[in-house]
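These figures come from a predicted structure and were not determined experimentally.
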Amino acid sequence: HAELQIAAYEVIVQIVEHHYDVMGDHMIQLGDMTATSIQQGPDKIALTSIEFWCTLADEELFRKEIEREARSNGTPPEIESRNFINQAKSSLIVLMLQSLTRGQKDDE
């Protein structure tokens with residue numbers, strides 16, 4: 001069961017990398033799923049859920065750089081960020097802090 005969940009999150013990470021523009025309609029569900037996995041799932045599943053958010057952040061940083069370059073050249077950007085990370089940052093900060101706390105409790 002855990003291997004299947006990990007594989008599913010790995011596919012979602014690949015979707016972020018290759019099909020970012022279709023993620024919008026699914027971000028609420030993905031946010032809920034990954035939050036639950038980070039808070040309650042086994043460590044391997046929690047880490048794969050965190051990888052989803054890291055990959056999304058990397059993609060958005062890349063897109064913001066493309067946007068900046070295009071604007072500095074006076075051209076419209078070919079791709080744009082949908083700012084998912086910025087919209088979720090408050091929840092993500094809480095999740096990451098909870099994850100760190102969880103890791104410290106597991107170490108004790």
**Asked** Taking ILVMFWY side chains as joined if any heavy atoms are under 4.5 angstrom apart, and letting links pass through other members, which residues group with Phe62?
**Response**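 Its cluster partners, ordered by chain and number, are Ile66, Ile79.
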Taking only residues two or more places apart in sequence or in another chain, which ones pass salt bridge (charged side-chain N to carboxylate O under 4.0 Å, His left out) with [X]?
| X | answer |
| --- | --- |
| Arg82 | none |
| Glu59 | Arg63 |
| Glu69 | none |
| Glu65 | Arg68 |

**Ion pair Arg71/Glu67, N-O distance below 4.0 Å** =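 Salt bridge flag = yes for Glu67 with Arg71.
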Side-chain donor-acceptor contacts of residues 25-35 below 3.5 Å, not counting sequence neighbours, with atom names and distances?
| residue | atom | partner | partner atom | Å |
| --- | --- | --- | --- | --- |
| Thr34 | OG1 | Leu30 | O | 2.8 |
| Thr34 | OG1 | Gly31 | O | 3.2 |
| Thr34 | OG1 | Trp53 | NE1 | 2.8 |

Could you tell me which residues satisfy side-chain hydrogen bond (donor to acceptor under 3.5 Å, both in side chains) with [X], sequence neighbours excluded, listed by chain and number?
| X | value |
| --- | --- |
| Lys44 | none |
| Glu80 | none |
| Thr55 | none |

**Asked** Which residue pairs pass the salt bridge (charged side-chain N to carboxylate O under 4.0 Å, His left out) test when at least one of the two sits in residues 49-58, sequence neighbours left out?
**Response**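 Sorted result for residues 49-58: empty, none.
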**Prompt:** Tell me, do Ile38 and Met96 make a side-chain contact under 4.5 Å, heavy atoms counted?
**Reply:**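 Yes, their side chains come closer than 4.5 Å.
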**Message:** Nearest 0.5 Å, please: how far is CG in Leu92 from CG in Leu56?
**Reply:**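 These two atoms lie 8.5 Å from each other.
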**Prompt:** From Ile45 CD1 over to Leu4 CG, what is the distance, rounded to the nearest 0.5 angstrom?
**Reply:**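 Separation between the atoms: 9.0 Å.
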**Ser99 side chain to Leu95 backbone, donor-acceptor under 3.5 Å** =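 Looks like no, no N/O pair under 3.5 Å.
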**Item:** All pairs passing side-chain hydrogen bond (donor to acceptor under 3.5 Å, both in side chains) where residues 4-16 contributes a residue, at least two apart
**Value:**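 For residues 4-16, and leaving out neighbouring residues, the side-chain hydrogen bond (donor to acceptor under 3.5 Å, both in side chains) pairs sorted by first residue read Tyr9-Ser37.
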**Message:** Could you report the tightest heavy-atom contact between Ile15 and Met23, atom names first, then the distance?
**Reply:**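 Ile15 and Met23 have their closest heavy atoms at CG2-SD, 3.4 Å.
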**Prompt:** Can you list the steps and then say if Asn83 with Lys64 is a side-chain contact (heavy atoms from CB on, under 4.5 Å)?
**Reply:** CA-CA 9 Å; Asn83 297 308; Lys64 287 178 186 297; 2.3 Å; yes
**Asked** Can you pull the ring-ring contact (aromatic ring centres under 6.0 Å, His included) pairs that have at least one residue in residues 76-99, sequence neighbours excluded?
**Response**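 For residues 76-99, and leaving out neighbouring residues, the ring-ring contact (aromatic ring centres under 6.0 Å, His included) pairs sorted by first residue read Tyr20-Phe84.
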